[in-house]
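Remarks on the structure that follows.
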Amino acid sequence: MPRESASARAERTQSICKRLAAAYPDAHCELDFTTPLELLVATILSAQCTDKRVNVVTKELFSVCKTAADYVALPLEQLEDLVKTTGFFRSKAKNIKACCAALVEKHGGEVPADMDALTALAGVGRKTANVVLGNVFGINEGVVVDTHVARLSTRLGLTREKTPENIEQDLIRLIPRKDWALFSHWLIWHGRRRCGARKPECAACEIADLCPRTGV
DNA sequence: CTCCCGATAT
DNA sequence: ATATCAGGAG
């Protein structure tokens with residue numbers, strides 16, 4: 001089996017984007033939020049947890065905490081109890097408090113629109129920072145690589161890298177910057193609806209002919 | 001690399 | 001019973 005050329009892969013990627021854009025015309029962030037701080041907190045909570053569960057938890061959490069100072073003032077034990085069902089609850093509660101303390105002390109209580117400032121916050125890595133930058137500030141500094149984007153990028157033969165950081169570099173080279181934000185949403189939606197980790201529905205897949213598993 | 005960890009689908 | 005879920009820190 002001949003190795004796909006870089007130009008052929010770029011062209012196939014374009015076709016994949018076009019097809020997924022048609023399949024998911026309203027793809028968007030499925031975490032519920034109304035402010036930058038709400039998306040930041042929701043994304044911290046979304047680690048190894050479904051967005052559906054996060055949205056159940058944040059509905060009550062956001063009614064209790066409106067500002068970064070509110071999270072700082074809330075006793076750790078109460079915050080742990082509010083986020084318990086998202087898993088990793090002790091780490092997440094601790095991180096959210098430390099994160100919000102830093103927001104109050106270093107950023108006037110606001111969420112910084114800056115990659116370095118964001119990733120310096122407790123519980124905020126590159127993936128979470130990319131989510132916040134893209135979805136509330138319209139800044140495409142990188143590509144969001146979560147578990148779905150990583151899995152589908154590998155299955156689709158868009159990367160051979162293993163770490164999220166290295167996969168992101170491959171995707172940045174492969175995809176036009178204007179599509180970065182949508183690309184992640186398309187792959188996440190497709191990963192949830194069609195190309196699940198345990199049960200990929202290749203027979204019904206909209207891009208089966210563009211995938212090394214079933215087509216090409 | 002390991003650890004953090006509850007809810008859900010299979 | 002086990003894999004997986006919009007990961008990050010030590």
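Note on naming: letters A, B, ... go to the chains in the order of the sequence lines (proteins, then strands), and numbering restarts at 1 for each one.
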(Q) Rounding to an integer number of Å, can you tell me how far Asp81(A) CG sits from dC5(B) P? (A) 14 Å
Q.
Please list all pairs meeting ring-ring contact (aromatic ring centres under 6.0 Å, His included) that have one or both residues in residues 13-55 of chain A, counting only residues at least two apart or in different chains.
A. Tyr24(A)-His190(A), His28(A)-Trp189(A)
Q: Please identify each residue that fulfils side chain to side chain contact (heavy atoms under 4.5 Å, CB included) with Arg173(A), with sequence neighbours left out.
A: Gln169(A), Asp170(A)
Write out a two-atom table: protein N or O, nucleotide N or O from nucleotides 1-4 of chain B, distance below 3.5 Å.
unit_1: dC4(B); atom_1: O3'; unit_2: Ser91(A); atom_2: OG; d: 3.4

Q: Please name all residues satisfying side chain to side chain contact (heavy atoms under 4.5 Å, CB included) with Ala208(A), sequence neighbours left out, ordered by chain then number.
A: Cys205(A), Thr214(A)
Q. Considering only heavy atoms, which members of residues 116-140 of chain A lie under 4.0 Å from some atom of DNA chain B?
A. none
**Q.** Nearest-angstrom distance, P atom, dA7(B) to dG8(C)
**A.** 22 Å
Q: Applying side chain to side chain contact (heavy atoms under 4.5 Å, CB included), name anything that partners Thr154(A), two or more places apart in sequence or on another chain.
A: Thr159(A)
(Q) Work out how far the P atom of dA3(C) is from that of dT2(B), and round it to whole angstrom. (A) 15 Å
Q: Kindly state each residue pair satisfying ring-ring contact (aromatic ring centres under 6.0 Å, His included) with at least one member in residues 107-150 of chain A, sequence neighbours excluded.
A: none
Acceptor/donor pairs from residues 68-81 of chain A side chains to any protein atom, 3.5 angstrom cut, sequence neighbours excluded:
unit_1: Asp70(A); atom_1: OD1; unit_2: Thr67(A); atom_2: OG1; d: 3.3
unit_1: Asp70(A); atom_1: OD2; unit_2: Lys66(A); atom_2: N; d: 2.8
unit_1: Asp70(A); atom_1: OD2; unit_2: Thr67(A); atom_2: N; d: 2.9
unit_1: Asp70(A); atom_1: OD2; unit_2: Thr67(A); atom_2: OG1; d: 3.2

Q.
What is the distance, to the nearest angstrom, from the CG atom on Asn95(A) to the C1' atom on dC5(B)?
A. 14 Å
Q.
Near DNA chain B, counting only heavy atoms under 4.0 Å, which residues of residues 147-173 of chain A show up?
A. none
**Q.** Within-4.5 Å side-chain heavy-atom neighbours: Lys127(A) and Val144(A)
**A.** yes
Q.
For DNA chain B, which residues of residues 180-207 of chain A approach it to below 4.0 angstrom with any heavy atom?
A. Arg198(A), Lys199(A)
Q: Using a 4.5 Å cut-off on heavy atoms from C-beta on, say whether the side chain of Leu118(A) contacts that of Arg126(A).
A: no
Q. Quick one: Ile44(A) CD1 to dA9(C) P, roughly how many Å, whole number?
A. 9 Å
Q | Partners passing salt bridge (charged side-chain N to carboxylate O under 4.0 Å, His left out) against Glu201(A) (at least two apart in sequence or in another chain) | A | Arg194(A), Lys199(A)
Q: Check which hydrophobic residues are tied to Phe88(A) through side-chain heavy-atom contacts below 4.5 Å, counting indirect links as well, and list them.
A: none
Q: Identify whether the distance between the nearest side-chain nitrogen and carboxylate oxygen of Arg151(A) and Asp146(A) falls below 4.0 Å.
A: no
Q: Scan Lys52(A) against the nucleic acid and name what it touches under 4.0 Å (heavy atoms): base, sugar-phosphate only, or nothing.
A: nothing
Q | Interatomic distance where NZ belongs to Lys84(A) and P belongs to dG6(B) [whole Å] | A | 8 Å
Q. To the nearest angstrom, how far is Ile96(A) atom CD1 from dA9(C) atom C1'?
A. 15 Å
Q.
Between dC1(B) and dA6(C), how many Å separate the two C1' atoms, rounded to a whole number?
A. 24 Å
Q) Minimum heavy-atom separation for Val124(A) to Cys99(A), with atom names? A) CG2-SG, 4.5 Å
Q: May I ask you to say whether Arg192(A) pairs ionically with Glu30(A), meaning some side-chain N is under 4.0 Å from a carboxylate O?
A: yes
